[in-house]
2 protein chains.
Amino acid sequence: MGVTIKDIAKSAGVSYSTVSKALRDSPLVKEPTKTRIIEIAKQLGYQPNVAARSLVSKKSNTIGVVWPTIERVTHSALITGLNKQLEQLSYTTLISINEMEFAINTFNRYQVDAIVAFDDRNSKEPANSTVPIVTYGIAHDQSPFPTVDVNRRQAIRSAVQYFMSIGHKRICYVGDLLQEDRLQEEKVNGFKQAVKSFGLDPYYSRVVSVSDLEQYDGYEATKKLLKDREPPTAVISGSHDLSKGILRAVYESDLSIPHDISIISYDNIPATENFEVPLSTVGVPLQLITEKLAEVLMDVINGEETEKRIFLEPELKITESCQPINGG
Amino acid sequence: MGVTIKDIAKSAGVSYSTVSKALRDSPLVKEPTKTRIIEIAKQLGYQPNVAARSLVSKKSNTIGVVWPTIERVTHSALITGLNKQLEQLSYTTLISINEMEFAINTFNRYQVDAIVAFDDRNSKEPANSTVPIVTYGIAHDQSPFPTVDVNRRQAIRSAVQYFMSIGHKRICYVGDLLQEDRLQEEKVNGFKQAVKSFGLDPYYSRVVSVSDLEQYDGYEATKKLLKDREPPTAVISGSHDLSKGILRAVYESDLSIPHDISIISYDNIPATENFEVPLSTVGVPLQLITEKLAEVLMDVINGEETEKRIFLEPELKITESCQPINGG
DNA sequence: CTTCTGAATAACAACGTTGTTATTATTGTA
DNA sequence: TACAATAATAACAACGTTGTTATTCAGAAG
């Protein structure tokens with residue numbers, strides 16, 4: 001069925017070891033022979049057998065991604081980016097949506113070179129794994145593997161701080177998820193902490209809950225929020241999708257941005273799509289995250305020492321969606 | 001690094017071939033020896049090396065899923081279900097989000113036993129693959145691989161037919177996507193065809209476009225729709241999420257379901273979550289799809305002949321969200 | 001007390017590849 | 001012309017596993 005180097009060898013009239021070298025572009029094979037062999041391989045539609053190759057070389061050039069929460073969209077953009085990043089390093093990405101322990105066992109059997117695990121709320125400590133693991137998500141101290149994480153707490157804090165610096169006193173955060181979600185919790189905590197340490201009045205500067213992170217949830221929450229006697233002058237949104245809904249609700253209430261309300265959105269996407277007003281954002285650009293992840297992966301593969309907790313610092317990108325409180 | 005059967009053999013004082021047999025539960029090994037070996041294997045944390053195993057057995061017990069459009073949520077529930085289904089057949093699922101041809105090459109190198117490819121609008125004919133392929137999506141005739149598909153056209157047609165049978169004359173379909181998406185097109189075509197062949201007035205029974213399939217899009221479209229002088233008495237929704245928005249918009253307009261408007265939603269989920277009124281649906285239950293996919297996969301793996309085009313017929317589930325036009 | 005039978009285990013080849021070592025062909029030099 | 005030295009290719013072992021074949025050993029039968 002599958003065409004092997006032996007088939008090519010026979011067809012080219014050389015030994016199979018020569019074929020192997022030719023295909024790996026070894027200098028030990030004469031140039032004309034090499035090109036002839038490569039040509040034949042292409043003609044026969046040869047695909048190297050990973051099993052055989054990784055059996056002898058103990059390398060598979062593959063990264064396994066453990067992603068049990070496929071249904072939550074959160075990480076899909078990140079995984080897409082990581083996939084691209086790794087492709088450039090000539091690694092192939094395989095994804096398992098099974099439960100963490102099972103997935104890790106699978107990848108161990110497959111001898112992938114490293115594993116990326118997305119932190120799940122109910123993930124047990126990944127069992128004994130021969131393959132090195134890198135986790136992404138909330139860095140908890142007990143984890144024995146290097147973790148790459150975004151400093152979400154700091155992100156929201158920066159946003160609050162910025163709003164205060166331009167005179168805002170009533171700053172709300174939209175995006176508290178009722179269900180347990182550590183990533184969201186971090187942001188909420190960042191906000192509460194900031195309110196406290198900056199001495200804002202918690203009556204006006206409060207957290208608004210939503211049932212999910214989609215556009216409609218932001219819309220709904222903001223509608224309610226704007227009915228307050230004294231609505232906020234600045235809003236921080238917990239996600240890009242929420243922001244879309246927030247904007248919609250603001251416009252429907254015949255208010256304008258930034259004149260009546262300033263807004264900053266937590267976001268990983270660098271340039272936000274064409275809204276009426278370009279949206280200010282705070283967060284770590286996706287590419288920075290994937291680059292760091294790829295870097296750490298290469299480190300653990302090459303057995304190099306890595307920092308155990310890597311916190312990526314968010315960037316604040318201010319556009320016309322923010323304005324000083326007494327500037328209009 | 002990895003512990004092999006030879007390590008176990010040494011530790012148990014037997015030959016490695018005996019270990020292999022013991023772990024595969026062969027009757028050629030005496031019971032006490034067997035249990036002793038298994039015990040040692042467990043202690044050492046042995047994980048069989050897939051590379052070696054699939055090299056000799058030419059089987060990997062793995063199914064590859066090609067899913068380049070990870071960012072579109074459409075198929076995530078389906079893949080989750082398929083994963084479960086295959087797990088029960090003791091197959092492992094691996095996913096690649098790379099472009100079709102690349103992904104198929106990868107899976108060929110990995111010698112997966114079969115590949116499931118989700119039809120992508122711009123998928124070229126999958127190149128020469130040693131591994132059998134099953135596609136899911138719109139069945140186009142030129143494809144040389146078995147295809148499993150849902151008869152979306154028929155689904156929408158059934159809904160129209162049902163509405164007519166209970167007296168509705170003004171029936172709208174919400175869910176035309178502006179971007180090219182063959183799955184959506186099928187539904188729209190089913191609607192248009194039904195309107196024509198059933199002799200409905202295309203002025204009142206029309207297609208409403210949305211920019212995406214999310215809740216807010218349904219909300220927005222319906223808001224506009226209800227402003228018509230003569231809005232429809234029945235609405236067919238193109239997706240579950242759209243339906244949520246449609247319901248919301250109807251209620252906000254102080255209309256009631258089914259008194260003022262009847263609604264049927266295209267959906268793959270059998271029992272729809274707790275809305276105010278349980279939602280009527282038409283579609284093929286997810287489980288039926290995954291079962292069929294798994295079945296076809298097993299067939300192609302075992303080299304059995306399969307039907308080339310498998311169309312799953314949708315089911316209509318009517319609840320209180322529908323009512324005869326002159327019944328209230 | 002041999003010889004046979006069958007159970008239990010050991011030894012070995014094979015899977016497709018890579019890296020190392022051995023062999024042959026080619027060239028340059030005395 | 002003979003002999004290194006080197007280039008090009010061939011042969012071979014190894015990776016960890018499975019399935020087949022060979023060996024050992026106990027007990028049964030003669």
Side-chain angles (χ1 to χ4, degrees), chain A residues 1-38 40-41 44-62 105-113 130-131, chain B residues 1-38 40-41 44-62 105-113 130-131:
Chain A
M1 29 205 74
V3 31
T4 76
I5 51 173
K6 291 187 182 171
D7 299 322
I8 300 174
K10 204 176 292 173
S11 169
V14 296
S15 81
Y16 67 86
S17 58
T18 304
V19 174
S20 170
K21 287 172 189 57
L23 293 177
R24 303 223 70 203
D25 199 23
S26 158
L28 297 176
V29 181
K30 211 163 63 175
E31 204 52 56
T33 323
K34 204 185 282 184
T35 50
R36 188 161 55 94
I37 289 175
I38 291 175
I40 293 176
L44 297 181
Y46 169 75
Q47 287 287 343
N49 182 322
V50 187
R53 176 178 285 182
S54 77
L55 182 57
V56 56
S57 71
K58 306 206 162 199
K59 279 248 151 207
S60 62
N61 260 262
T62 303
N105 279 345
T106 302
F107 284 137
N108 267 273
R109 285 197 297 271
Y110 267 96
Q111 306 233 113
V112 301
D113 296 339
T130 306
V131 177
Chain B
M1 31 203 74
V3 32
T4 78
I5 52 172
K6 292 188 181 169
D7 298 323
I8 300 174
K10 205 175 292 174
S11 168
V14 296
S15 80
Y16 66 86
S17 57
T18 304
V19 174
S20 169
K21 287 171 189 56
L23 293 178
R24 303 223 73 204
D25 199 22
S26 158
L28 296 177
V29 181
K30 212 165 61 176
E31 204 52 55
T33 322
K34 204 185 282 185
T35 49
R36 188 162 51 94
I37 290 175
I38 291 175
I40 292 177
L44 298 182
Y46 170 75
Q47 288 287 344
N49 181 323
V50 188
R53 175 179 286 181
S54 77
L55 181 58
V56 58
S57 72
K58 305 203 163 204
K59 280 245 149 211
S60 61
N61 261 262
T62 303
N105 279 344
T106 302
F107 284 136
N108 266 273
R109 286 197 296 269
Y110 266 96
Q111 307 235 112
V112 301
D113 296 338
T130 307
V131 177

Exercise. Looking at side-chain heavy atoms only, is the closest gap between B:N61 and B:R53 below 4.5 Å?
Worked result: no
Exercise. Which atom names give the shortest non-hydrogen contact between B:D7 and B:G2, and what distance separates them?
Worked result: OD2-O, 4.0 Å
Problem set entry | Listed partners of B:S54 passing side-chain hydrogen bond (donor to acceptor under 3.5 Å, both in side chains), at least two apart | none
For this session: Taking the side chain as every heavy atom from C-beta outward, state whether B:I8 and B:Y46 have any atom pair closer than 4.5 Å.
Result: yes
Exercise. Just wondering, are more than 12 heavy atoms of other shown residues or ligands nearer than 6.0 Å to NZ in A:K59?
Worked result: yes
For this session: With the side chain counted from C-beta on, respond yes when B:N49 and B:T4 share a heavy-atom pair under 4.5 Å apart, and no when they do not.
Result: no
Exercise. Between A:I38 and A:L23, is any pair of side-chain heavy atoms under 4.5 Å apart?
Worked result: yes
For this session: Describe the nucleic acid contact of B:S54 in one word from base, sugar-phosphate, nothing, applying a heavy-atom distance below 4.0 Å.
Result: nothing
Seminar exercise, completed: In 5'-to-3' order, the base (B), backbone-only (S) or no-contact (-) status of each nucleotide in nucleotides 16-27 of chain D, using a 4.0 angstrom heavy-atom cut-off, is BBBBB-------
Exercise. Using a heavy-atom distance cut-off of less than 4.0 Å, which residues of residues 7-15 of chain A contact DNA chain D?
Worked result: A:G13, A:V14, A:S15
Problem set entry | Separation of B:I5 CD1 from B:L44 CG (nearest 0.5 Å) | 13.0 Å
For this session: Could you name each residue pair satisfying side chain to side chain donor-acceptor pair (under 3.5 Å) that touches residues 17-27 of chain A, not counting sequence neighbours?
Result: A:S15-A:S17, A:S15-A:T18, A:D25-A:K34
Seminar exercise, completed: A:T62 meets the side-chain hydrogen bond (donor to acceptor under 3.5 Å, both in side chains) criterion, sequence neighbours left out, with B:Y110
For this session: Describe, as an angle rounded to 10 degrees, how the axis at the first end of the helix from C:dC1-D:dG30 to C:dA30-D:dT1 is tilted relative to the axis at the last end, five pairs per end.
Result: 80°
